[in-house]
Amino acid sequence: MAERGVDQKEEKKSYGSVFVLGAGILAALSLWAFLDDNITRRPWKGFQAKFYRLDYNKAQAAYDEEDKKLQADDKYKELSQKLAAFQASLADGEVGKKLNSQIAEEARVTVKFQEADQKVKDVKSELEEAWYEHDHAVQQKRKIEPYLEVIAALDKKKAVLDKELEPIREKRNQLKDEIKKIQSGAKEIETELVKMTGERDKWIRVMENVTFKLGPFTFPKIPKIQQVSLDEFDRNRFDQPVARVDRCQTCHLAINRPGFEKEANPYKTHPRREVLLADSAHSPDKIGCTGCHEGQGMAVNGVKQAHGDVHLWEFPLLRGAKVQSSCTSCHQDVQKFAEDAPLLAEGQRLFEQVGCTGCHLVKGYENIPKIAPSLKKISAKVDPGWMVRWIENPHKFRQRTRMPNFDLKPDDALAVAAYIWSQSKEEADQWTQTHPAPAGFREGDPNDIAKGKKLVETIGCKGCHGFADGEFSTPLGKSKDLVPNLKDIAAKVVGPQWIYHWIKNPRGFEPETRMPSLRLSDDEALSITNYLMSLGGRPDPVAGIQEKLADAKNIKRGEVLVRKWGCFGCHDIKGMEKESRIGAELTTFGSKTVEELGFGNRTDVKHTWDDWTYFKLKTPRGYATERIEQLMPQFNLHDDDIKALRTLLGGFRERKVGQRYLADQGLRVQQVVEGRRLMQQYNCVGCHEIEKQGGFVRKYYQENVALAPPPLNGQGEKVQSSWFYSFLKSPTTLRPWLEIRMPTFGFSDEHTTQLVNYFNGLSKVEQPYHYIDDRKFPAENLEAAKILASAEYFNCFSCHVQGGKNPEGPKEGWAPDLAMARQRLNPNWIIKWLKDPQKIQPGAKMPSFYPGGPDNILGGKEDRQIEALRDYLMSIGRGAAPAAAAAPQVPAKAKPAK
Amino acid sequence: MNKFGSLVLAMSLVAAPAMAAYEGGDVKDGGSISGSVKFKGTAPAPKKLDVGKDKEVCGKTAKMDQSLIVEGGNLVNAVVTITDIKKGKKIELKKVQFDQNGCEYTPHVVAFPAGTTVEVINPDGILHNVHSYSKVNTAFNQAQPKFKKTLEVKIEKPEAVEVKCDVHGWMHGWLVATESPYVAVTDKSGSFKLDNVPAGSYTVEVWHEKLGKSTQKVTVKAKEDAKVTFEVAGK
């Protein structure tokens, strides 16, 4: 019977199955949510768990191996047995019995001691009481004698008791000592064993590190995100400092641990960890990983995400050598990283020396001088027909030239030449008139040519120039010569007149040139001119070339073209002094996104920054279209050079890393960077080895390296700055046995200072000046050193020149004039040099005299002998003229310096 | 030491002897290798050296260039070694002498097993220096003034080390260190002998400072002498 409003049937219906289903779904969803949250979305947990197992197993294996070694070690066995025997004996053997009896005895003696002690204490109390009575009597003015009697009696009693107590105390202490001795009998063995097992037992700690204990069970460690937070590392769009969080080490757990070098990532140890991740370098706990490697440091939800290989993430992981791009974010001096960042170092050198900065502005590279010669007097220098052909395609004449190919049409090349020619005419004609053809020039005389060739090969021309195919001194990347190869020079120049005056005084023709003077005599210059005029045929004459170059229409068109192609980026051209760089600024080129790069109509280039940049350098006009013209010329760079340049370009980013993370940016670093740039521009490394690099001319001196220019590693520490400054300004003869000459570069005061600072910076010289006070040399030292230097002992002057007095024998066996030491050498360096010349200059002819000094001088104390020799060397040049004063600035016929 | 480190160490410990791999011991019924080294071609005329310094000591006798001496068609001062011997007689390290008397190294070429100490003697009473041009061994350049009559240097690793005196540019000689004790320098008749060689087949090498290396296969029978003649062509 149905009640109104109540659906009986509905009431009786069972929803059990629905509930069960619902509960089931809920449970499944919960489980799924749990799994998804803990496993699917946290792949790092798997990585960590796997790593902990790996670490544990490695540690276990290492432990076992060490243990095996120990077990095979007889000493270990002996010690362990000794210890075990002792412990056994202590537990229930003889030692144990002895110990127990001692302990029992000690307990008995202690009781006895306490009893005796108590008696003494009682007497003491009685004494206190007696004294009180005595004092009381004194105050009440009673008789005190009876009290004194009592006190005396008690004193006597105490003395007897004290005497009884003493032996008991001694006995007790003795027993205590004995017990202690027995108990610690194994100490020594234990200490020695700990020393022996240290190597093994440290692996226990490693194993403990990746596990935890719960009761009797051991579990693997629970995975946990490992993050490094870097305060004020970055700056946001509002230029406020913000923190960066790196979680890379959540998976890369062994990045700063040795022993995982051969594992696959993410467990691999960082290459060159000891250097690159050292506390003083890039400790990952202090500066994280993404500062160098990029990627999405915070992401831990997947490998791709963490590495930043996701759409619109601007800084994907820099793989392999690309990481070198990042060095410039914090380091000012990157060229010193020739070993760790070779591509970057090479890229920077190329960037500065191939001429990129002629057209492109980049912050930090604004002041690089124009790399190419001035064209203000070009018509006095080159053949006009050659010039047109050169402008059309320079690589045809000189394959390794730095000048790029603009791919000009012949009439455009002619127009450009016409403009440049006409602009130079006036100044050039003037120069030609004041520099007449040399008298006595015997063109084609084979003897003279041979003489010139010999000079070119010996006096130092080859330190920079090549004179045959494939010959060069200083390479610039893999495809360029820093200095022109002169194998066809006669086919380029107007004639011998220009060559003669140019080589005699390069700055007389071009005040800014980097070509130095070798202080040639007239005769030498004539012979060299003759030799150079024999290299390559004379230029092919072009009919009517002078008229074409003088044609006003051509000149006018040429001016437009020179402006368009930006020739003034690398050359000084009269009338183009106020033009600015024609290329795009590249200061932030490395942070450009793919969307910001124009690929033109090219479909063969992958849409990445890397590929765009590679092909831009490979085929500079490859992205041009019908509507978009591209001007960048073809440099013909080797693939490796392109990759090096790309590495540098990748580092041109908009990054402002927090001050505290930056490498040293101090004055010394700036001086090194600045000075090195100058040193490279002047190609000092063509002849000298500097920073353990270069010295390319040495390849011609393999027979006798002693005849090559000296290496300048550590030069800042070796010489006095004031001397060095004067020497660079005006070189004087240091090594009369050398045929190769140190040229006169005509450095400005500023450049000379920069060079001295560079060498001082490299050597970390704190104190560049030295004042030599003769009064401070102890007479005893000078006397002793005189004997040491004599033929009886070290015979220094067997090889060293002495104040202009030459030693016996052929020149190549000579060594520098010791009378120059006073002005030239740093006294502290002399000490270091005498102690071990080979350490300062491997292969030096100077032998080590120490250790092994004579016993009978200055008490045989070698340090004192070395100091004495230093004092002596600093004193023998006394009164000598200052180093530079002797030589005039650019002497016409002066004795060549070497 | 971590495991990786110890692994590397263990490997190097195992690998180093495997490469150096000469094991000395008793040789039973050893044979010998003897023979001579002939010079093929026209022997160059002996060259007189220019003694331009310390003439009163160095110029007593005429100095001849020692770098290529051929006596009656025999090549002198060539070093003969067995290059591939792994096991043989014990290496006995005896001090060898290298005399600078009269500003000339005598003998011009000394050969010995690596690890030998060379006693350089200076009876001249003037300054010499002993400058090694070595690549495998650490190069040294030690002064030997008048008061230092002897000086000791040790050549630790196998290498032909050229030694020069920078004070007297003409002085040069060779210290040749070998892996095994089987080494001899040819005498005036160009002959040499390597004795106590276990029976077996070996590669015998002749090295000369100017003429380089040449090798021959030689089989040694127990208690017998294997004869071998080298012919080295002039360059």
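Proteins get letters first, then strands, A, B, ... in listed order; numbering begins at 1 in each.
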Enquirer: Do any N or O atoms from the side chain of A:Q838 and from the backbone of B:F140 form a donor-acceptor pair under 3.5 angstrom?
Expert: no
Enquirer: Heavy-atom distances under 4.5 Å only: say whether B:D54 touches chain A with side chain, backbone, both or neither.
Expert: both
Enquirer: Can you tell me if B:K38 has over 12 outside heavy atoms packed within less than 6.0 Å of its NZ?
Expert: yes
Enquirer: If I compare all heavy atoms of A:P847 with all of B:A143, which pair ends up nearest, and what's the gap?
Expert: CB-N, 3.4 Å
Enquirer: For the atom pair CG (B:N129) and CZ (A:F849), what is the distance rounded to the nearest 0.5 Å?
Expert: 7.5 Å
Enquirer: At what distance, to the nearest 0.5 angstrom, does NZ of A:K845 lie from CG of B:N141?
Expert: 10.5 Å
Enquirer: Would the number of heavy atoms belonging to other residues, nucleotides or ligands and lying under 6.0 Å from CG of B:D50 be above 12?
Expert: no
Enquirer: By ring pair (Phe, Tyr, Trp, His ring centres under 6.0 Å), which residues pair with A:Y793, not counting sequence neighbours?
Expert: B:F147
Enquirer: side-chain hydrogen bond (donor to acceptor under 3.5 Å, both in side chains): which pairs involve residues 97-112 of chain B, sequence neighbours left out?
Expert: B:Q66-B:E104, B:Q97-B:E119, B:Q100-B:Q144, B:H108-B:E209
Enquirer: Test your reading of the model: is there a side-chain donor-acceptor pair from A:N795 to the backbone of B:P145, 3.5 Å cut-off?
Expert: no
Enquirer: Does NZ belonging to A:K195 count more than 12 external heavy atoms closer than 6.0 Å?
Expert: no
Enquirer: Within a reach of under 6.0 Å around CG of B:D26, are more than 12 heavy atoms found that belong to other residues, nucleotides or ligands?
Expert: no
Enquirer: Measuring heavy-atom distances to chain B, does A:A706 have an atom under 4.5 Å in its side chain, in its backbone, in both, or in neither?
Expert: neither
Enquirer: Between B:K53 and A:C799, is any pair of side-chain heavy atoms under 4.5 Å apart?
Expert: yes
Enquirer: As an exercise, state the distance from OG of A:S798 to NE2 of B:H128, rounded to the nearest 0.5 Å.
Expert: 9.5 Å
Enquirer: Among B:H168, B:K164, B:K146, B:K148, who wins on heavy-atom pairs under 4.5 Å with chain A?
Expert: B:K146
Enquirer: For B:K149, does the NZ atom sit with more than 12 other heavy atoms under 6.0 Å from it, leaving out its own atoms?
Expert: yes
